[in-house]
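Worksheet: one structure, shown below.
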Amino acid sequence: MLQCLTGLVYLSAVLTFATLTGAQAECPVQLNPRRAVVRYGDSVAVTCNTSVLHQGMGWEASEGAVPMTKNQNLITWSVSKLIEWDIKPYCFINYKIGDPAPCQVELPVTVYKTPDSVSISTVDHSGPMMEGEQYKLQCDVHDVAPVQYLAVKWYKGQTLLHQTTFTDTSETPVNETVTLLIRPDRADDGAQYRCEAELDLGAEGPQPHPTNSSKPLNVEVYYKPQHSSSTETIIKDDEVILDCTVKANPAPTYTWGSDHLKEQISSSVLKSSTLSPGNYTCTATNALGSDSKVFIVESTDRTTFWAIVLSGVAVAVTLIASYLIFKFCFSKNSVI
(Lines give C-alpha, C1' and ligand atoms only; values in the text may rest on other atoms or scores of the structure.)
Protein backbone atom coordinates (compact mmCIF):
# COMPACT_ATOMS: atom_id res chain seq x y z
CA MET A 1 0.00 0.00 0.00
CA LEU A 2 2.82 2.39 0.91
CA GLN A 3 4.51 1.68 -2.42
CA CYS A 4 1.29 2.57 -4.29
CA LEU A 5 0.98 5.90 -2.48
CA THR A 6 4.62 6.69 -3.22
CA GLY A 7 4.08 5.88 -6.89
CA LEU A 8 1.03 8.16 -7.08
CA VAL A 9 2.95 11.03 -5.51
CA TYR A 10 5.80 10.56 -7.96
CA LEU A 11 3.39 10.38 -10.94
CA SER A 12 1.64 13.59 -9.77
CA ALA A 13 4.97 15.40 -9.58
CA VAL A 14 5.97 14.21 -13.07
CA LEU A 15 2.62 15.29 -14.61
CA THR A 16 2.85 18.73 -12.99
CA PHE A 17 6.40 19.10 -14.25
CA ALA A 18 5.32 18.20 -17.81
CA THR A 19 2.75 21.03 -17.93
CA LEU A 20 5.27 23.79 -17.17
CA THR A 21 6.94 25.79 -19.97
CA GLY A 22 9.95 28.09 -20.53
CA ALA A 23 12.78 28.40 -18.04
CA GLN A 24 10.60 27.01 -15.25
CA ALA A 25 9.82 23.77 -17.15
CA GLU A 26 12.88 22.20 -15.52
CA CYS A 27 11.99 23.54 -12.10
CA PRO A 28 8.28 23.58 -11.08
CA VAL A 29 8.14 26.96 -9.36
CA GLN A 30 6.53 30.24 -10.37
CA LEU A 31 7.94 33.70 -9.57
CA ASN A 32 5.65 36.68 -9.13
CA PRO A 33 6.65 39.02 -10.64
CA ARG A 34 8.91 37.17 -13.07
CA ARG A 35 11.24 40.19 -13.22
CA ALA A 36 11.89 42.76 -10.51
CA VAL A 37 12.59 46.43 -11.31
CA VAL A 38 13.67 48.34 -8.22
CA ARG A 39 14.76 51.91 -7.65
CA TYR A 40 18.09 52.01 -5.88
CA GLY A 41 17.46 52.12 -2.11
CA ASP A 42 13.78 51.07 -2.35
CA SER A 43 12.18 47.88 -1.04
CA VAL A 44 11.41 44.79 -3.10
CA ALA A 45 9.34 41.61 -2.55
CA VAL A 46 8.89 38.63 -4.91
CA THR A 47 7.00 35.40 -4.18
CA CYS A 48 8.00 31.90 -5.21
CA ASN A 49 5.35 29.18 -5.16
CA THR A 50 4.90 25.60 -6.30
CA SER A 51 2.04 23.14 -6.63
CA VAL A 52 4.12 19.97 -6.37
CA LEU A 53 5.12 17.99 -3.32
CA HIS A 54 8.68 18.80 -2.33
CA GLN A 55 11.39 18.02 0.15
CA GLY A 56 12.13 21.70 0.74
CA MET A 57 12.29 25.12 -0.93
CA GLY A 58 13.94 28.47 -0.24
CA TRP A 59 15.65 31.58 -1.61
CA GLU A 60 19.38 32.05 -2.14
CA ALA A 61 20.51 35.70 -2.28
CA SER A 62 23.26 37.97 -1.03
CA GLU A 63 20.47 39.97 0.66
CA GLY A 64 17.12 38.65 1.91
CA ALA A 65 17.92 34.92 1.70
CA VAL A 66 15.15 32.55 2.91
CA PRO A 67 16.29 29.25 4.51
CA MET A 68 14.92 26.01 3.06
CA THR A 69 11.51 25.06 4.44
CA LYS A 70 9.58 21.80 3.94
CA ASN A 71 6.09 22.76 5.02
CA GLN A 72 5.29 25.71 2.72
CA ASN A 73 4.42 26.04 -0.96
CA LEU A 74 4.89 29.83 -1.11
CA ILE A 75 7.85 31.81 0.19
CA THR A 76 8.81 35.47 -0.30
CA TRP A 77 12.15 37.06 -0.97
CA SER A 78 12.18 40.63 0.31
CA VAL A 79 14.68 43.40 0.99
CA SER A 80 13.65 46.60 2.77
CA LYS A 81 16.40 48.74 1.18
CA LEU A 82 18.10 47.34 -1.89
CA ILE A 83 21.54 48.90 -2.44
CA GLU A 84 23.26 46.09 -4.35
CA TRP A 85 23.51 46.74 -8.11
CA ASP A 86 24.15 43.22 -9.40
CA ILE A 87 22.12 41.07 -7.02
CA LYS A 88 21.05 37.69 -8.44
CA PRO A 89 18.55 35.92 -6.16
CA TYR A 90 17.09 32.52 -7.08
CA CYS A 91 14.37 30.30 -5.72
CA PHE A 92 15.26 26.64 -5.30
CA ILE A 93 13.22 23.49 -4.64
CA ASN A 94 14.03 19.85 -3.97
CA TYR A 95 11.08 17.89 -5.34
CA LYS A 96 12.46 14.81 -7.15
CA ILE A 97 12.12 11.71 -5.05
CA GLY A 98 15.51 10.18 -4.37
CA ASP A 99 17.40 13.19 -5.81
CA PRO A 100 18.91 15.38 -3.08
CA ALA A 101 20.07 18.11 -5.53
CA PRO A 102 17.54 21.02 -5.75
CA CYS A 103 16.61 22.82 -8.96
CA GLN A 104 16.54 26.62 -9.09
CA VAL A 105 15.07 29.57 -11.03
CA GLU A 106 16.92 32.89 -11.05
CA LEU A 107 14.98 36.13 -10.60
CA PRO A 108 16.12 38.85 -13.06
CA VAL A 109 16.56 42.03 -11.02
CA THR A 110 17.10 45.49 -12.53
CA VAL A 111 18.22 48.13 -10.06
CA TYR A 112 17.87 51.61 -11.54
CA LYS A 113 18.77 55.16 -10.63
CA THR A 114 17.50 58.33 -12.29
CA PRO A 115 20.14 60.98 -13.16
CA ASP A 116 21.36 63.42 -10.54
CA SER A 117 21.25 66.12 -13.21
CA VAL A 118 20.65 66.71 -16.92
CA SER A 119 22.10 69.85 -18.51
CA ILE A 120 22.36 71.37 -21.99
CA SER A 121 25.01 73.74 -23.36
CA THR A 122 26.63 74.95 -26.58
CA VAL A 123 30.10 73.66 -27.52
CA ASP A 124 32.85 76.22 -28.24
CA HIS A 125 30.37 79.05 -28.72
CA SER A 126 28.66 81.80 -26.77
CA GLY A 127 26.28 84.57 -27.69
CA PRO A 128 23.97 84.80 -30.72
CA MET A 129 24.13 82.25 -33.55
CA MET A 130 24.37 83.24 -37.23
CA GLU A 131 21.70 82.08 -39.65
CA GLY A 132 22.85 79.15 -41.80
CA GLU A 133 25.94 78.31 -39.76
CA GLN A 134 26.39 74.98 -37.92
CA TYR A 135 26.58 74.68 -34.14
CA LYS A 136 26.96 71.82 -31.67
CA LEU A 137 24.76 71.35 -28.61
CA GLN A 138 25.82 69.09 -25.74
CA CYS A 139 23.69 67.18 -23.23
CA ASP A 140 25.33 65.91 -20.01
CA VAL A 141 23.59 63.18 -18.01
CA HIS A 142 25.13 62.54 -14.59
CA ASP A 143 24.98 59.36 -12.52
CA VAL A 144 22.34 57.19 -14.20
CA ALA A 145 21.85 53.40 -14.22
CA PRO A 146 21.53 51.11 -16.00
CA VAL A 147 22.61 52.95 -19.14
CA GLN A 148 21.36 50.25 -21.52
CA TYR A 149 17.80 51.37 -20.73
CA LEU A 150 18.59 55.07 -21.22
CA ALA A 151 17.40 57.21 -24.13
CA VAL A 152 18.55 60.82 -24.50
CA LYS A 153 15.99 62.85 -26.46
CA TRP A 154 16.47 66.28 -28.06
CA TYR A 155 13.57 68.72 -28.38
CA LYS A 156 13.05 72.10 -30.03
CA GLY A 157 9.96 73.42 -28.30
CA GLN A 158 7.64 70.40 -28.28
CA THR A 159 9.16 68.83 -31.42
CA LEU A 160 11.34 65.74 -31.01
CA LEU A 161 14.51 66.20 -33.11
CA HIS A 162 16.60 63.14 -32.32
CA GLN A 163 17.25 60.46 -29.71
CA THR A 164 20.26 58.37 -28.71
CA THR A 165 20.31 54.94 -27.04
CA PHE A 166 23.22 52.99 -25.56
CA THR A 167 24.57 49.43 -25.71
CA ASP A 168 26.75 49.56 -22.58
CA THR A 169 25.69 46.77 -20.19
CA SER A 170 27.17 48.38 -17.08
CA GLU A 171 24.84 47.96 -14.08
CA THR A 172 26.34 50.73 -11.95
CA PRO A 173 25.78 54.50 -12.44
CA VAL A 174 27.68 56.26 -15.24
CA ASN A 175 27.91 59.70 -16.83
CA GLU A 176 26.95 60.15 -20.49
CA THR A 177 27.55 63.03 -22.91
CA VAL A 178 25.57 63.34 -26.15
CA THR A 179 25.88 66.02 -28.86
CA LEU A 180 23.54 67.36 -31.54
CA LEU A 181 24.43 69.43 -34.62
CA ILE A 182 22.02 72.21 -35.57
CA ARG A 183 21.92 74.79 -38.39
CA PRO A 184 19.48 77.49 -37.23
CA ASP A 185 17.58 79.85 -39.53
CA ARG A 186 15.59 83.01 -38.84
CA ALA A 187 12.57 80.99 -37.73
CA ASP A 188 14.69 79.60 -34.87
CA ASP A 189 15.30 83.02 -33.32
CA GLY A 190 13.94 82.72 -29.79
CA ALA A 191 13.54 78.92 -29.99
CA GLN A 192 14.09 76.78 -26.89
CA TYR A 193 16.15 73.59 -27.06
CA ARG A 194 16.26 70.99 -24.30
CA CYS A 195 17.37 67.40 -23.76
CA GLU A 196 15.65 64.69 -21.73
CA ALA A 197 17.00 61.52 -20.15
CA GLU A 198 14.37 58.77 -20.17
CA LEU A 199 14.66 55.30 -18.59
CA ASP A 200 12.52 52.73 -20.39
CA LEU A 201 12.65 49.77 -18.00
CA GLY A 202 10.05 47.66 -19.75
CA ALA A 203 6.58 46.54 -18.76
CA GLU A 204 7.67 45.71 -15.20
CA GLY A 205 9.20 49.17 -14.73
CA PRO A 206 7.47 52.37 -13.60
CA GLN A 207 4.87 53.88 -15.91
CA PRO A 208 5.20 56.48 -17.28
CA HIS A 209 8.93 56.10 -17.78
CA PRO A 210 11.11 58.13 -15.37
CA THR A 211 12.23 61.28 -17.22
CA ASN A 212 14.64 64.06 -16.24
CA SER A 213 14.76 67.19 -18.40
CA SER A 214 17.37 69.91 -18.72
CA LYS A 215 16.54 73.57 -18.35
CA PRO A 216 15.68 75.10 -21.76
CA LEU A 217 18.44 76.69 -23.80
CA ASN A 218 17.18 79.90 -25.41
CA VAL A 219 18.69 80.49 -28.86
CA GLU A 220 19.15 83.94 -30.40
CA VAL A 221 19.75 83.92 -34.15
CA TYR A 222 21.20 86.82 -36.13
CA TYR A 223 19.84 87.17 -39.69
CA LYS A 224 19.83 89.87 -42.36
CA PRO A 225 16.76 91.79 -43.64
CA GLN A 226 14.72 90.11 -46.36
CA HIS A 227 11.55 91.64 -47.81
CA SER A 228 8.75 89.36 -48.94
CA SER A 229 8.64 91.18 -52.31
CA SER A 230 11.04 93.47 -54.16
CA THR A 231 8.40 95.88 -55.50
CA GLU A 232 5.02 97.24 -54.48
CA THR A 233 2.66 99.53 -56.39
CA ILE A 234 0.83 102.24 -54.44
CA ILE A 235 -2.07 104.27 -55.84
CA LYS A 236 -1.76 107.88 -54.69
CA ASP A 237 -4.75 108.99 -52.67
CA ASP A 238 -5.23 111.77 -50.15
CA GLU A 239 -2.41 110.25 -48.06
CA VAL A 240 0.33 107.83 -49.12
CA ILE A 241 1.86 105.29 -46.69
CA LEU A 242 5.02 103.43 -47.77
CA ASP A 243 5.79 100.77 -45.14
CA CYS A 244 9.28 99.25 -45.46
CA THR A 245 9.30 97.52 -42.07
CA VAL A 246 11.10 94.15 -42.21
CA LYS A 247 12.22 91.58 -39.62
CA ALA A 248 15.95 91.25 -38.96
CA ASN A 249 18.29 90.64 -36.04
CA PRO A 250 19.98 92.91 -35.09
CA ALA A 251 17.26 95.44 -35.83
CA PRO A 252 17.90 97.14 -39.20
CA THR A 253 18.30 100.80 -40.08
CA TYR A 254 16.42 102.28 -43.05
CA THR A 255 17.37 104.68 -45.85
CA TRP A 256 15.15 106.04 -48.62
CA GLY A 257 16.15 107.10 -52.09
CA SER A 258 14.14 109.02 -54.72
CA ASP A 259 14.44 112.07 -56.96
CA HIS A 260 11.29 113.36 -55.27
CA LEU A 261 12.70 113.37 -51.71
CA LYS A 262 14.38 116.58 -50.57
CA GLU A 263 15.63 115.31 -47.20
CA GLN A 264 17.12 112.13 -45.75
CA ILE A 265 14.60 109.85 -44.01
CA SER A 266 15.60 107.09 -41.55
CA SER A 267 12.16 105.82 -40.59
CA SER A 268 10.84 102.49 -41.87
CA VAL A 269 7.52 104.15 -42.80
CA LEU A 270 7.14 107.05 -45.22
CA LYS A 271 3.81 108.78 -44.72
CA SER A 272 2.83 111.90 -46.61
CA SER A 273 0.03 113.56 -48.56
CA THR A 274 2.47 115.42 -50.82
CA LEU A 275 4.46 112.57 -52.37
CA SER A 276 4.79 112.86 -56.11
CA PRO A 277 4.19 109.89 -58.40
CA GLY A 278 7.40 107.97 -59.06
CA ASN A 279 9.70 105.30 -57.63
CA TYR A 280 10.84 105.29 -54.00
CA THR A 281 13.58 102.83 -52.93
CA CYS A 282 13.87 101.75 -49.32
CA THR A 283 16.96 99.86 -48.09
CA ALA A 284 17.01 97.98 -44.78
CA THR A 285 20.50 97.26 -43.40
CA ASN A 286 22.07 95.50 -40.43
CA ALA A 287 25.49 93.98 -39.68
CA LEU A 288 24.74 90.88 -41.78
CA GLY A 289 23.56 92.56 -44.97
CA SER A 290 20.91 94.68 -46.64
CA ASP A 291 17.81 94.34 -48.80
CA SER A 292 15.95 96.91 -50.90
CA LYS A 293 12.35 97.35 -51.93
CA VAL A 294 10.95 99.69 -54.59
CA PHE A 295 7.60 101.41 -54.06
CA ILE A 296 5.94 102.59 -57.29
CA VAL A 297 3.59 105.47 -56.56
CA GLU A 298 1.00 106.07 -59.31
CA SER A 299 -1.45 108.94 -59.52
CA THR A 300 -5.19 108.32 -59.61
CA ASP A 301 -5.43 110.26 -62.94
CA ARG A 302 -2.95 107.91 -64.59
CA THR A 303 -4.79 104.97 -63.19
CA THR A 304 -8.10 106.26 -64.52
CA PHE A 305 -6.54 106.81 -67.95
CA TRP A 306 -5.30 103.26 -68.22
CA ALA A 307 -8.58 101.93 -66.92
CA ILE A 308 -10.41 103.79 -69.73
CA VAL A 309 -7.94 102.48 -72.32
CA LEU A 310 -8.31 98.88 -71.10
CA SER A 311 -12.10 99.20 -71.07
CA GLY A 312 -12.06 100.49 -74.64
CA VAL A 313 -9.88 97.60 -75.77
CA ALA A 314 -12.24 95.13 -74.08
CA VAL A 315 -15.28 96.68 -75.86
CA ALA A 316 -13.49 96.57 -79.22
CA VAL A 317 -12.55 92.94 -78.79
CA THR A 318 -16.15 92.09 -77.88
CA LEU A 319 -17.55 93.85 -80.97
CA ILE A 320 -15.08 92.17 -83.32
CA ALA A 321 -15.85 88.74 -81.82
CA SER A 322 -19.60 89.33 -82.20
CA TYR A 323 -19.17 90.40 -85.83
CA LEU A 324 -17.14 87.32 -86.69
CA ILE A 325 -19.66 84.99 -85.08
CA PHE A 326 -22.54 86.69 -86.92
CA LYS A 327 -20.71 86.50 -90.26
CA PHE A 328 -19.90 82.82 -89.77
CA CYS A 329 -23.52 81.93 -88.96
CA PHE A 330 -24.89 84.01 -91.90
CA SER A 331 -22.52 82.40 -94.38
CA LYS A 332 -23.49 78.89 -93.15
CA ASN A 333 -27.21 79.63 -93.60
CA SER A 334 -26.65 81.01 -97.14
CA VAL A 335 -24.93 77.75 -98.23
CA ILE A 336 -27.81 75.68 -96.95
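Worth saying up front: this structure is predicted, and the values here are computed from it rather than measured. Positions are given from 1, in the same order as the sequence printed here.
- For I241, the side chain to side chain contact (heavy atoms under 4.5 Å, CB included) criterion is met by V269, K271, not counting sequence neighbours.
- The backbone N or O of N279 sits less than 3.5 Å from a side-chain atom of S258, completing a donor-acceptor pair.
- Among residues two or more places apart in sequence or in another chain, the ring pair (Phe, Tyr, Trp, His ring centres under 6.0 Å) test is passed with W154 by none.
- In the hydrophobic clustering of this structure, I265 groups with I234; members are Ile, Leu, Val, Met, Phe, Trp, Tyr whose side-chain heavy atoms approach within less than 4.5 Å, directly or through other members.
- Criterion: ILVMFWY side-chain heavy atoms under 4.5 Å apart, direct or through other members. Under it, L150 and L201 are part of a common hydrophobic cluster.
- Minimum heavy-atom separation, P250 to L288: CD-CD1, 4.1 Å.
- H260 contributes a side-chain N or O that, together with a main-chain N or O of P277, makes up a donor-acceptor pair within less than 3.5 Å.
- Remark: the backbone N or O of C91 is not paired with any side-chain donor or acceptor of E106 at under 3.5 angstrom.
- Not a single ring pair (Phe, Tyr, Trp, His ring centres under 6.0 Å) links Y112 to another residue, sequence neighbours left out.
- Electrostatic pairing of D189 and K247 does not count as a salt bridge here, judged by no charged N lying under 4.0 Å from a carboxylate O.
- Within a 6.0 Å sphere centred on CD of Q264, other residues, nucleotides and ligands contribute 12 heavy atoms or fewer.
- A distance of 11.0 Å separates CG of L31 from CH2 of W77, quoted to the nearest 0.5 Å.
- For T177, the side-chain hydrogen bond (donor to acceptor under 3.5 Å, both in side chains) partners two or more places apart in sequence, or in a different chain, are D140.
- Closest non-hydrogen pair, G41 versus K81, comes out as O-CG, 3.2 Å.
- Judged by distance alone, the side chain of R183 and the main-chain N or O of G132 form a donor-acceptor pair under 3.5 Å.
- Identified under the disulfide bond (SG atoms under 2.5 Å apart) test for residues 145-174, with sequence neighbours left out: none.
- Identified under the disulfide bond (SG atoms under 2.5 Å apart) test for residues 144-261, with sequence neighbours left out: C139-C195, C244-C282.
- Among the candidates V29, N94, T69, I93, the single residue satisfying the side chain to side chain contact (heavy atoms under 4.5 Å, CB included) test with H54 is I93.
- Contact between L137 and V123 at its shortest, heavy atoms only, is C-CG2, 4.4 Å.
- Checked against side-chain hydrogen bond (donor to acceptor under 3.5 Å, both in side chains), S272 has the following partners two or more places apart in sequence or in another chain: T274.
- For H142, the ring pair (Phe, Tyr, Trp, His ring centres under 6.0 Å) criterion is met by no residue, not counting sequence neighbours.
- Nearest heavy-atom pair across A251 and N286 is O-CB, 4.3 Å.
- Here the CG-CD distance, from D185 to E131, works out to 6.0 Å after rounding to the nearest 0.5 Å.
- Annotation for N218: atom CG counts as buried by contact number, over 12 foreign heavy atoms lying within 6.0 Å.
- Partners of N212 under the side-chain hydrogen bond (donor to acceptor under 3.5 Å, both in side chains) rule, at least two apart in sequence or in another chain, do not exist in this structure.
- In terms of heavy-atom proximity, A248 sits nearest to Y223 at CA-CE1, 3.4 Å.
- The line from CZ of R186 to CD of Q226 is 4.5 Å long, rounded to the nearest 0.5 Å.
- For K293, the NZ atom counts as densely surrounded, since its 6.0 Å shell holds more than 12 non-hydrogen atoms of other residues, nucleotides or ligands.
- Taking the six-membered ring where tryptophan is involved, the planes of W85 and Y40 are essentially parallel, since the angle between them stays under 30° and well short of 60°.
- Remark: side-chain polar atoms of T50 are paired, donor with acceptor, to backbone N or O of P28 under 3.5 angstrom.
- Residues meeting the ring pair (Phe, Tyr, Trp, His ring centres under 6.0 Å) test with H125, sequence neighbours left out: Y135.
- Between atom CZ of residue R194 and atom NZ of residue K153 there is a gap of 10.5 Å, rounded to the nearest 0.5 Å.
- A donor and an acceptor atom, one from each side chain of D243 and T245, are located under 3.5 Å apart.
- Remark: D86 CG is packed, more than 12 non-hydrogen atoms of other residues, nucleotides or ligands lying under 6.0 Å away.
- Summarising the geometry, atom CE belonging to M57 is positioned 8.5 Å from atom SG belonging to C27; distances are rounded to the nearest 0.5 Å.
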Worksheet item: What do the steps show when you test T283 against S292 for side-chain hydrogen bond (donor to acceptor under 3.5 Å, both in side chains), and what is the final call?
Response: CA-CA 4 Å; T283 302; S292 297; 2.8 Å; yes
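- For Q148, there are no side-chain hydrogen bond (donor to acceptor under 3.5 Å, both in side chains) partners, not counting sequence neighbours.
- Under the rule for a side chain to side chain contact (heavy atoms under 4.5 Å, CB included), the partners of D143 that lie at least two apart in sequence or sit in another chain are K113, D116, P173, N175.
- A donor-acceptor contact shorter than 3.5 Å is absent between the side chain of T255 and the backbone of T253.
- If you take NZ on K156 and CG on L161, they are separated by 6.5 Å, rounding to the nearest 0.5 Å.
- Residues Y95 and V52 come closest through the heavy atom pair CB-CG2, 4.1 Å.
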